[in-house]
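The structure appears right after this line, and notes come after that.
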Amino acid sequence: MIYKWPSPAKINLFLYVTDIRSDGYHNIQTLFQFLDYSDTLKIIPNKSGTIKLFSKKNFSLNKENIIITAAELLKYKAHYYQKKN
């Protein structure tokens, strides 16, 4: 089964970093507006357990890419909850 999800664009009208947390991330205050533009994420499950990112655009598709990082975290959480139940 192929899953398709919209990924709407947004523009930050205001962004202020309030502090840096001990884990290296930061807390923010922001005001943003969604735009009428979006990408579409297409998720095709496979049995190999690998995550691959394909794009028509020419940008970095390496392991440090935030999309890959988010997919790895989602895979980990899904596996954890599947194992728990």
Side-chain angles (χ1 to χ4, degrees):
M1 176 172 257
I2 296 175
Y3 302 92
K4 290 184 180 182
W5 297 87
S7 180
K10 67 176 175 71
I11 186 167
N12 284 314
L13 303 171
F14 170 82
L15 177 66
Y16 179 72
V17 177
T18 58
D19 64 320
I20 299 175
R21 303 182 330 205
S22 62
D23 60 5
Y25 289 93
H26 51 271
N27 294 318
I28 62 169
Q29 290 179 348
T30 186
L31 175 64
F32 61 86
Q33 175 66 50
F34 284 111
L35 304 175
D36 289 335
Y37 303 101
S38 69
D39 289 326
T40 300
L41 298 176
K42 187 187 315 181
I43 301 171
I44 306 169
N46 64 58
K47 294 184 186 248
S48 72
T50 59
I51 294 175
K52 295 180 183 178
L53 178 60
F54 301 95
S55 173
K56 294 178 184 175
K57 305 289 183 195
N58 186 21
F59 64 89
S60 175
L61 300 178
N62 60 34
K63 288 262 184 199
E64 288 77 35
N65 186 293
I66 195 166
I67 298 169
I68 297 285
T69 302
E72 291 285 354
L73 289 170
L74 179 61
K75 182 175 93 172
Y76 173 78
K77 289 288 188 179
H79 179 71
Y80 171 80
Y81 286 113
Q82 188 178 40
K83 199 173 176 182
K84 190 175 176 181
N85 292 326

For a quick test of reading the model, state the closest non-hydrogen atom pair linking [X] to [Y] and the distance between them.
| X | Y | result |
| --- | --- | --- |
| I2 | K42 | CG2-CG, 3.4 Å |
| I51 | I68 | CG2-CD1, 4.0 Å |
| P8 | S38 | CA-CB, 3.5 Å |
| K75 | G49 | NZ-O, 2.6 Å |

Practice item. Mind checking side-chain contact (heavy atoms from CB on, under 4.5 Å) for K47 and listing every partner two or more places apart, or none if nothing turns up? Key: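 Counting only residues at least two positions away or on another chain, K47 forms no side-chain contact (heavy atoms from CB on, under 4.5 Å).
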Interatomic spacing from [atom1] in [X] to [atom2] in [Y] - rounded to 0.5 Å:
| X | Y | atom1 | atom2 | result |
| --- | --- | --- | --- | --- |
| F32 | I11 | CZ | CD1 | 12.5 Å |
| I66 | L53 | CD1 | CG | 12.0 Å |
| E72 | I67 | CD | CD1 | 13.0 Å |

Practice item. Only pairs at least two apart or in different chains count here, so list each side-chain hydrogen bond (donor to acceptor under 3.5 Å, both in side chains) that has a residue in residues 28-37. Key: N12-T30
Point to revise | Under 3.5 Å donor-acceptor, S7 side chain and L41 backbone | key: no
Review point. Is there a donor-acceptor pair under 3.5 Å between the side chain of K4 and the backbone N or O of T40?
Key: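 Judged by distance alone, no pair lies under 3.5 Å.
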Exercise for review: Taking atom CZ of F14 as the centre, report whether more than 12 heavy atoms of other residues, nucleotides or ligands fall under 6.0 Å from it.
Suggested key: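 Yes, CZ of F14 has more than 12 neighbouring heavy atoms, counting only those of other groups under 6.0 Å.
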Practice item. Could you tell me whether L31 atom CG has more than 12 heavy atoms of other residues or ligands within 6.0 Å of it? Key: yes
Exercise for review: State which residues pass salt bridge (Lys or Arg N to Asp or Glu O under 4.0 Å) with D23; sequence neighbours excluded, sorted by chain then number.
Suggested key: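 Result, salt bridge (Lys or Arg N to Asp or Glu O under 4.0 Å) vs D23: R21.
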